[in-house]
Amino acid sequence: MQDKTSNFLLVSTILLLLVGYFSSLSTLELRAEEPRRAVVAMEMYYSGDWIVPKIHGWNYYNKPPLFNWVVAAHYALFGSTAEWVVRLPSLLAWWMTALLLFFFTRRHLSTTTAIIAALLLLSFGDILYYGSIHSGEIDLFFSSLIFLQIVAIFHFGQSKKYGLLFGISYLLTASAFLTKGMPALAFQALTLLVYFIAHRNWKGLFSWQHILGIFLFFVVLGSYCYAYEQEANVFAFLTNLLKESTQRSISEHQFGAIAAQFLLFFPNLLKLLLPWSLALLLLFKKSIRQLVWKNNLTRFCSLFILANLWLYALSPGTLNRYLYPFFPFFAIILAYTLMEHQKIKYRHLLYALLFLGVVRIGYNFILLPKQQATLKQTMYRDLNETLWDITEGEKIYWTGAAYKWEARPSFFGLTIASDSLQSPPLLPYQIPYYLEHTGKYIFEFHPEARTDTYYLAYKKFVANKEVEIFYTFTELWTKQEMVLVKFL
């Protein structure tokens with residue numbers, strides 16, 4: 001009877017989480033970083049240029065292309081650039097991670113522990129009520145690649161298949177690098193270092209297999225860089241990627257900011273992992289700690305976290321979503337801890353997970369519509385309709401003063417490289433997303449405006465210029481007045 005009840009609870013929980021994750025994908029407008037990712041992918045999709053990421057028709061230097069390729073491929077697959085399509089790839093990747101986490105954990109721990117670990121991954125508080133709702137951002141997809149990359153190190157290391165360990169992990173490192181840049185290399189380097197130190201195998205770090213893995217990484221990255229160089233300046237692209245990483249790191253902040261980050265980091269991490277972070281209290285019991293350290297898998301997960309988490313704990317630029325790569329490994333440790341505690345039963349955990357699934361569905365159908373209706377920032381769908389009504393379907397473009405900056409990554413004050421770059425002026429990316437989605441065109445930036453063409457611009461830019469103003473509004477994110485104009 002208990003088995004039947006547990007199986008019913010498990011199936012019900014999975015179904016509820018599926019509904020929770022994949023319903024209401026279009027209730028909220030795209031927010032935060034979602035519209036920027038959507039626009040870069042959309043411009044690839046519309047232009048057919050899959051090598052150099054662009055935004056407003058200009059080169060976009062801040063992120064590599066892989067996530068854009070995946071989103072654009074979904075545009076092509078579904079024949080749509082709608083919000084739900086933007087959010088779908090990361091959700092599919094995260095569920096695939098949960099499935100792989102189950103099979104991986106089951107090889108080394110019990111089946112029930114593997115089930116709980118996979119379900120914990122899907123139900124951590126920040127994932128359930130932020131990450132999976134704003135899944136058009138890059139981090140869930142990136143974290144899935146990091147999980148595969150790190151698991152390859154453990155899996156092939158256990159069987160001492162070092163050729164496969166280095167070859168596959170470095171190919172996955174290359175994929176993760178082409179998704180988010182330098183963090184993929186940090187995860188690889190620190191994890192390999194700690195893994196081989198823990199196994200007292202320094203020679204492995206200097207083996208021909210490791211050299212082969214590094215070679216494969218550079219073959220993949222070099223192939224993309226060669227293709228990029230045929231169209232644009234690859235040095236500028238790589239320089240800016242390095243700057244994106246170093247500007248948020250420990251090397252570029254004062255001691256006071258680093259100390260404040262460290263003090264707030266761990267309470268915040270516990271909050272992100274709620275309600276399951278409460279299980280960490282069980283680790284105060286010596287016998288549980290010993291079990292965690294004795295098991296090969298949970299010890300590896302602990303070493304991975306210890307080897308990599310300090311970078312984020314000491315970096316004031318860390319955002320919550322940057323910590324998602326750690327969540328699968330926390331899920332394994334927490335599931336093992338819960339299942340090894342004699343007073344906590346498998347069925348009790350399933351009841352708790354079932355409850356979280358119900359709450360998430362309620363959140364989708366009750367709270368998300370209220371958020372969309374009440375948040376002042378969610379005005380972009382209405383703005384899009386207004387602009388198209390005024391122009392009667394005629395395309396709109398973007399003009400202003402191009403933004404110039406120096407991509408100058410540094411390490412503890414020492415400049416590593418430097419390059420001068422230009423980009424269109426900043427505006428909320430919801431505006432180009434909804435215009436491009438509706439008009440199926442690229443919302444290009446023209447520093448030199450054409451006559452008889454509709455443009456959006458900041459009002460201060462068109463002051464003292466001969467223009468006809470068709471619409472004026474205050475953009476709530478930048479808090480600046482914008483205008484729809486034609487230059488005379």
### Query
For the residue pair Phe329 and Phe304, does the interplanar ring angle fall in the parallel (under 30°), tilted (30 to 60°) or perpendicular (over 60°) class?
tilted

### Flag, side chain of Glu436 to backbone of Phe443, donor-acceptor distance under 3.5 Å
yes

### Message
Students often mix this up, so state it plainly: with edges at 30° and 60°, are the rings of Tyr224 and Phe237 parallel, tilted or perpendicular?
### Response
perpendicular

### Summary
Sorted by chain and residue number, the side-chain contact (heavy atoms from CB on, under 4.5 Å) partners of Phe365 (sequence neighbours excluded) come out as Ser23, Ser24, Ile361

### Message
With a 3.5 Å distance limit and no angle check, can you tell me whether Ser80 reaches the backbone of Ala82 through a side-chain donor-acceptor pair?
### Response
yes

### Task
For residues Ile396 and Tyr441, determine if any side-chain heavy atom of one lies less than 4.5 Å from a side-chain heavy atom of the other.
yes

### Task
Determine yes or no for a side-chain-to-main-chain donor-acceptor pair under 3.5 angstrom, with Gln372 supplying the side chain and Pro369 the backbone.
no

### Query
Trp84 vs Phe78 aromatic rings, parallel, tilted or perpendicular, using cut-offs 30° and 60°?
perpendicular

### Residue list, ring pair (Phe, Tyr, Trp, His ring centres under 6.0 Å) with Tyr346, at least two apart or on another chain
none

### Query
Is the shortest heavy-atom distance from the side chain of Thr179 to the side chain of Val70 under 4.5 Å?
no

### Task
Please assess Phe326 against Phe147 for the test ring-ring contact (aromatic ring centres under 6.0 Å, His included), listing each intermediate value before the final yes or no.
CA-CA 8 Å; Phe326 296 95; Phe147 173 71; over 10 Å; no

### Message
Tell me whether the rings of Tyr363 and Tyr129 are parallel (<30°), tilted (30 to 60°) or perpendicular (>60°).
### Response
perpendicular

### Query
Do Gln209 side-chain atoms and Gly163 backbone N/O form a donor-acceptor pair below 3.5 Å?
no

### Query
Any donor-acceptor pair under 3.5 Å linking the side chain of Ser90 with the backbone of Ser135?
yes

### Message
I want to check something: taking the side chain as every heavy atom from C-beta on, are Trp293 and Thr298 in contact at a cut-off of under 4.5 Å?
### Response
no

### Least distance between heavy atoms, Tyr322 atom then Pro325 atom
O-CD, 3.2 Å

#### Entry: Smallest separation among heavy atoms of Arg321 and Glu33, with atom names
NH2-CG, 3.4 Å

### Query
Taking the side chain as C-beta and beyond, is there a heavy-atom pair between Tyr336 and Leu291 under 4.5 Å?
yes

### Query
Would you find a donor on one side and an acceptor on the other, under 3.5 Å apart, between the side chain of Gln261 and the backbone of Tyr312?
yes

### Task
Using the test side-chain contact (heavy atoms from CB on, under 4.5 Å), find all partners of Leu92 that sit at least two apart in sequence or belong to another chain.
Phe22, His74, Leu88

### Task
Would you give the length of the straight line joining atom CG of Leu119 to atom CG of Leu354, rounded to the nearest 0.5 angstrom?
10.5 Å

### Task
Enumerate the residue pairs fulfilling salt bridge (Lys or Arg N to Asp or Glu O under 4.0 Å) with a member in residues 286-314, sequence neighbours excluded, ordered by first and then second residue.
none

### Task
Check the pair Glu475 / Leu427 against side chain to side chain contact (heavy atoms under 4.5 Å, CB included), numbers first and verdict last.
CA-CA 9 Å; Glu475 204 297 297; Leu427 87 164; over 6 Å; no

### Residues that Phe67 engages under ring pair (Phe, Tyr, Trp, His ring centres under 6.0 Å), provided they are two or more places apart
Phe141

### Task
Tell me, with the steps shown, if Tyr429 and Tyr380 meet side chain to side chain contact (heavy atoms under 4.5 Å, CB included).
CA-CA 10 Å; Tyr429 292 104; Tyr380 296 101; over 6 Å; no

### Task
Could you check if a side-chain atom of Glu43 sits within less than 4.5 angstrom of a side-chain atom of Asn68, using non-hydrogen atoms only?
no

### Query
Going by the salt bridge (Lys or Arg N to Asp or Glu O under 4.0 Å) test, which pairs reach into residues 174-190, not counting sequence neighbours?
Asp139-Lys180

### Query
Which heavy-atom pair separates Leu350 from Ser6 by the least distance, and what is that distance?
CD1-O, 3.4 Å

### Query
Relative to the ring of Trp95, is the ring of Tyr21 parallel (under 30°), tilted (30 to 60°) or perpendicular (over 60°)?
perpendicular

### Task
Applying side chain to side chain contact (heavy atoms under 4.5 Å, CB included) between Leu172 and each of Leu148, Val151, Ile153, Ile150, report the one that passes.
Leu148

### Query
Is a salt bridge present between Glu83 and Arg381, judged by a nitrogen-to-oxygen distance below 4.0 Å?
yes

### Side chain proximity check, Thr81 to Val86, heavy atoms < 4.5 angstrom
no

### Main-chain N/O of Tyr130 paired to His134 side chain as donor or acceptor, under 3.5 Å
yes

### Query
Can you check whether Phe102 and Phe104 have ring centres sitting under 6.0 Å from each other?
no

### Message
Using a 3.5 Å distance criterion without hydrogens, assess whether the side chain of Asp49 forms a donor-acceptor pair with backbone atoms of Ile51.
### Response
yes

### Task
Please collect all side chain to side chain donor-acceptor pair (under 3.5 Å) contacts where either partner lies in residues 162-178, sequence neighbours excluded, each pair once.
Gln149-Thr173, Tyr162-Asn201, Ser169-Gln188, Tyr170-His210, Thr173-Gln188

Can you give me every donor-acceptor pair (side chain of residues 265-278, partner residue at least two apart or in another chain, under 3.5 Å) with its distance?
residue	atom	partner	partner atom	Å
Asn268	OD1	Lys271	NZ	3.3
Asn268	ND2	Asn320	OD1	2.7
Trp276	NE1	Ser123	OG	3.0
Ser277	OG	Leu270	O	2.7

### Residue list, side-chain contact (heavy atoms from CB on, under 4.5 Å) with Leu164, at least two apart or on another chain
Phe156, Lys161, Ile168

### Summary
Between Ala38 and Tyr75, the two heavy atoms sitting closest are O-OH, 3.0 Å

#### Entry: Salt-bridge present (Arg37, Glu137; N to O < 4.0 Å)
no

### Task
Taking all non-hydrogen atoms of both residues into account, name the closest pair between Leu241 and Asn62 and its distance.
CD2-O, 3.6 Å

### Of all pairs that satisfy salt bridge (Lys or Arg N to Asp or Glu O under 4.0 Å), the ones with a partner from residues 97-126, not counting sequence neighbours
none

### Partner residues of His199 under the ring pair (Phe, Tyr, Trp, His ring centres under 6.0 Å) criterion, sequence neighbours left out
Tyr195

### Gap separating the CG atom of Leu283 from the OG1 atom of Thr337, nearest 0.5 angstrom
4.5 Å

### Task
State whether the side chain of Glu29 and the backbone N or O of Gln430 hold a donor-acceptor pair below 3.5 Å, judged by distance alone.
no

### Partners passing side-chain contact (heavy atoms from CB on, under 4.5 Å) against Lys440 (at least two apart in sequence or in another chain)
Tyr46

### Query
Taking it one step at a time, do Tyr324 and Phe327 satisfy ring-ring contact (aromatic ring centres under 6.0 Å, His included)?
CA-CA 5 Å; Tyr324 291 169; Phe327 282 23; 5.3 Å; yes

### Message
Test your reading of the model: is there a side-chain donor-acceptor pair from Ser144 to the backbone of Leu140, 3.5 Å cut-off?
### Response
yes

### Message
I'd like to know whether Leu128 forms a side chain to side chain contact (heavy atoms under 4.5 Å, CB included) with Leu122, so could you lay out the CA-CA distance, the side-chain angles of the two residues, the decisive distance to 0.1 Å, and finally the verdict.
### Response
CA-CA 7 Å; Leu128 202 55; Leu122 296 170; over 6 Å; no

### Query
Arg347 and Thr5: side chain to side chain contact (heavy atoms under 4.5 Å, CB included), yes or no, with the steps?
CA-CA 8 Å; Arg347 189 194 295 187; Thr5 301; 3.9 Å; yes

